[in-house]
Every structure is written in structure tokens, then in C-alpha cells.
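These notes are about the structure you will find just below.
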Number of protein chains: 2
Amino acid sequence: MKRRTWQRTAVQEALAGREDFVSAQALHSSLRADGSPIGLATVYRALADLAEEGEADSLQAEGESLYRACASPGHHHHLICRSCGRTVEIEADDIEAWAARTAAAHGFRDPQHVVDVFGTCEACTAREQPMRL
Amino acid sequence: MKRRTWQRTAVQEALAGREDFVSAQALHSSLRADGSPIGLATVYRALADLAEEGEADSLQAEGESLYRACASPGHHHHLICRSCGRTVEIEADDIEAWAARTAAAHGFRDPQHVVDVFGTCEACTAREQPMRL
DNA sequence: CCGAGTTTGAGAATCATTGTCATCAAGCGC
DNA sequence: GCGCTTGATGACAATGATTCTCAAACTCGG
């Protein structure tokens, strides 16, 4: 059976408290900074579990895994600022349909897909090019 | 200036000779198995270069980078068998448009996107469930 | 409260990838 | 063809994220 320990709760809450994608390492540092004596391995395990249970989304960037608490429970994708990490959840039924159709057209079963859009958000665009004129 | 060494050529050819995504390690083993005394670091460097020059596609899976020679030069996506790695290149202008539209709708600039579809190809489906009845 | 079975955590271990640096060789000018 | 300059190579160390190990601590059902 799955047990409810304060460590798991702490990870869950720490994740819920941010709206950007974080690495396990960063979340661990953050927790330690807040005075929690949680172990690194535990953070990894908790995040992996959350991701598996669908309570968190994960993506790979620059060789590390990043996690984020899911705002909406269902399947969705992300629009991520490549500069500040701010993330917007987006739904795209058209994409789901397209992926399923494409897979089927080539005889592939059990289609899964990775669809993420990266860009520079307004705030970061403004910060990087302060009124160039 | 960029020099043309037999090592780079070997990597390029080894990649062109396969139609699935391979890891740098696997490609290195493969080359060594064919009698080439090429070094691992060199394979990594060559693949990174090829990817940067747009001659190879790369994607992250299970914590490692996989590479594949590009059949079509332009922008495209992949339909990948999660069991055998066989890959089909797919084009999806609709997706490009959707990604651009979505990014713009949220004020994001310079949209880039990651779109890959995974599934189990016919051959692998057949192999894994040999006439279950 | 008790006992069984999970979970934790410190540190070791793993694994892909990158850096180091002495040596090698591609392409230049001659 | 000859040498030279400089980027490329490769054996190995170093890095960095993630996972494993295993004894001790803890959760939950009874």
C-alpha cells in the first residue's frame, strides 16, 4: 500500500507552490532552504511517483528532468517560456486527434505523444530587448 | 575551419546506414564492432555537430540522446516505434500552424516545438502478442 | 500499542556526457 | 611533395544527474 509520509506531502506542496518547471535538485534545495531535512533520493522518488500518478507533468530539458504540478487533471500540453520557465497549460483536442490518426495511418498502436511548445513570453521579450529604438 | 576527417565520415555513414534512432554509445559500439578504432568522445562530438548542422535529428529518451540521419532536409516530426525504434518521418503543416498560433495567442515569441509520436509498429505488435487466442 | 512491510536517507554506485591535453593529421601556402 | 598551423582525436579523468543499497525509522491495520 502507498503510505502518506510528511516527506511526500512536502514535495507535493512545494511543487504546487510554483508555477514553473523545476528540477528535482532545485526542488530539493528549495525544501532544504525552507528548513526541511528531506533527502535528495526521497525527492526523486516522490517526483517520480507523482508523475506516474498523473499529479505532475514532466519533461526533459538540457539533460535533466523537470517537474511541475498539474493544474488541470486531464491530458494537456504546455507552452513554456524558454527564458523564465513560466508555463501555460494548453489543451489541444485537434492534436490528440491528429496524433491518433497519424499513428493509425502507419499501423502504429497505442499512440502516445510528446507535444510541447517553447517560446519567449512577453515579460522576457520586453526584458531582453528594452525598447530597441 | 571545419575539417573532413575519416572519423566524421564514418559517423555520418554509420548513421545513414540505419533507419532508427541510436544513442551515441550504441553507434560507437557499432563502429568498433566494424573494426573502426574511433573514440567515444569523437562520436559524441561528431553527432553533436551533425545535429547542429541540421543533418541529423535528435531526441531525448530515457535519459539519453538519440540520433538519426535526416531523410528529408526540412522541418519534420517523427513517428517512432517504442519497441524497435523504427521511425517514420512525418510532415505536419497543421501542427506548425497550430503551434505558431497558440504561441502568439499567449504573447510568446519565437515559437519552437517538440512534437513526436510514439507507438508500437505492426511488426512489434505482432511479435509481442502472438495470436492470442 | 504491536508487528509487518514501506519509506527514508546518507553515501556509494552508475551512466551518459563533457573536459583535458598531449599527439595527430587536414588543408594551406610554397 | 613538404612543412606548418591549427583544428581534431582519443585515452582517461571529471562531472552531474539519477539510482541503488541497506539499516533504521515510520505508517497503518489490527
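Only this structure's heavy atoms are used, side chains among them; waters, hydrogens and symmetry mates stay out. Chain naming here is simple, since letters A, B, ... match the order of the sequence lines and numbering starts at 1 in each.
With DNA chain C read from its 5' end, the first of the two nearest nucleotides for A:Lys2 and A:Arg32 is the one closest to A:Lys2.
Distance CG (B:Leu47) to C1' (C:dA16): 13 Å, rounded to an integer number of Å. Here C:dT18 presents its P atom at 13 Å from CD of B:Glu64, a figure rounded to the nearest Å. Following rounding to the nearest Å, A:Ile38 (CD1) and D:dA25 (P) show an atom-to-atom distance of 18 Å. One interatomic measurement links the two molecules: CD of B:Glu62 to C1' of C:dT14, which rounds to 16 Å at whole-angstrom precision. What separates CG of A:Asp49 from P of D:dT19 is a distance of 11 Å, to the nearest Å.
For A:Glu53, the CD atom is densely surrounded, since the number of other residues' heavy atoms within 6.0 Å is greater than 12.
Phosphate contact (OP1/OP2 of D:dG7, side-chain N/O of B:Thr5, threshold under 4.0 Å): absent. Under 4.0 angstrom from either OP1 or OP2 of D:dG10 there lies at least one side-chain N or O belonging to B:Gln7. When the side-chain nitrogen and oxygen atoms of B:Ser23 are compared with OP1 and OP2 of C:dA16, none of them lie within a distance under 4.0 Å.
The side chain of A:Tyr44 sits closest to D:dA17 out of C:dA10, D:dA17, D:dT5. Considering only the side chain of B:Arg4, C:dG27 comes nearest among C:dT7, C:dG27, C:dT17. Each of C:dG27, D:dC20, C:dT17 was ranked by its minimum atom distance to the side chain of B:Leu40; first place goes to C:dT17. Between D:dC28, D:dA17, C:dT7, one nucleotide has an atom nearer to the side chain of A:Gln25 than all others, and that is D:dA17. Comparing C:dT17, D:dA11, C:dT8 by their nearest atom to the side chain of A:Arg8 picks out C:dT8. Closest to the B:Thr42 side chain, of the nucleotides C:dG9, D:dA11, D:dT9, is D:dT9.
Judged by distance alone with a 3.5 Å cut-off, a donor-acceptor contact links the side chain of A:Arg45 to the base of C:dG9. One cannot find a donor-acceptor pair under 3.5 Å joining the base of C:dG27 and the side-chain atoms of B:Arg3.
Taking all atoms of both residues into account, the shortest heavy-atom contact from B:Phe108 to A:Cys121 is CZ-CB, 3.7 Å.
Side chain of B:Arg82 to backbone of A:Pro111: no donor-acceptor contact under 3.5 angstrom is found.
Aromatic rings of A:His113 and A:His75 (six-membered ring for Trp) have centroids within the 6.0 Å cut-off, being under it. Ring centroids of A:His28 and A:Tyr44 are separated by 6.0 Å or more, keeping the two rings apart.
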